K.L.:
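Below you will find the structure I want to go over with you.
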Amino acid sequence: MFEKSTWIRLPRNVVVGHGVLDDAIEVVEELHIGGDPLVITSPTPRQVAGDRLVAQFREAGYHPETVVVEEARFAEVERVIEAAKRDDTAFLVGVGGGKAIDIAKMASDHLDTTFVSVPTAASHDGIVSGRGSVPEGDTRHSVAAEPPLAVVADTGVLADAPWELTTAGCADIISNYTAVKDWRLANRLQHVEYSEYAAALSEMTAEMLVDNAASIKPGLEESAWVVVKALVSSGVAMSIAGSSRPASGAEHLFSHQLDRIAPGRALHGHQVGVGAIMVEYLHTGEHGHWRAVRDALASIDAPTTADELGISEAEVVEALSTAHEIRDRYTILGNGMNPDAARDVAEKTGVI
Ligand SMILES: [Zn+2]
């Protein structure tokens, strides 16, 4: 008897390219939502795209409201929820690198409204996926929400973002290699639900990015195009899987733990990239593919050492040996590495 079923939630409109911010209203109208938007943005993205978008909404006869968020905090999510209720908002629009989009995503999940993602930096795959998390003290508020109903990614805007944000996005994609390895392991050892389609798409996305690494250069709109398409593709893999598994394994646990131990020091993508070097070593050993992962990161200017992350040796060892505690996600870390073993891996891979 066949009893399987799946429900794949994808964005409906994904519009990527030069000048597409000018098409944002058309993209929204095509969704037939009706009602007025609440634009969630932060100070720099507001200047880069937020104000322009609000003006476009006004010209088109909408009555947009704006909330400017400063920090990725749960209190900010609540502020957005309050504003949306007060203004009787029909949908949310997140305009930003990650913070504003994460907050919009979490608020829309709570409000049960849809949201539109307008990334101003190609810094991580959360700009397309439904997955979001906001750190709060020692914990993280995570949501497994729907993906944005539409994504409007203007490559002109993305290419102007600070270069390290783009290299962070690249590193987040390169970490798909180890995420998929962890997923397969979890499937074999724990019968965690696994999708061959999603795994293949996620790996192919990392492969294509690495193959194109030479063409990813600061200030080039073409580079923004390559990276944002890869982030979209990674997001689709997560949608097919119905989980973040295709793009998040032990290297993400390591990064989340760094967020607790050494908050605000380095970008998410850069942390997962360094984590991926060590996790690849754990999967395939000294003669495995960890050098290829490291070289791929280096080729796009992403950090490969603790020093470049601005994190101490002790912090790396602590994060790696306690990463398994972060959440109930089975990975190569099993029920934890002892600190000596963690130090050993970090030293052998040149991370410390
Ligand atoms: Zn990530």
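For ligands, and for the atoms within them, numbers begin at 1 and follow the listed sequence. When a residue number appears, it is its place in the shown sequence, counting from 1. Values below: every heavy atom of this structure, side chains too, minus hydrogens, waters and symmetry copies. From a predicted model like this one, the values you see are computed outputs, not experimental measurements.
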K.L.:
Of all N/O/S atoms in Asp172, which lies nearest to the Zn ion (ligand 1)?
P.N.:
OD1
K.L.:
Mind checking whether Val274 and Val316 have side chains closer than 4.5 Å, heavy atoms only?
P.N.:
no
K.L.:
Do you see an N/O/S atom of His252, backbone or side chain, under 2.8 Å from the Zn ion (ligand 1)?
P.N.:
yes
K.L.:
Roughly how far, to the nearest 0.5 Å, is CE of Met238 from CG of Leu201?
P.N.:
10.5 Å
K.L.:
Checking side-chain hydrogen bond (donor to acceptor under 3.5 Å, both in side chains) against Thr155, which of Glu221, His18, Lys229, Glu222 comes through?
P.N.:
Glu221
K.L.:
Using the side-chain hydrogen bond (donor to acceptor under 3.5 Å, both in side chains) definition, which of the options Glu203, Glu280, His283 pairs with Lys181?
P.N.:
Glu280
K.L.:
Has Asp125 got an N/O/S atom less than 2.8 Å from the Zn ion (ligand 1)?
P.N.:
no
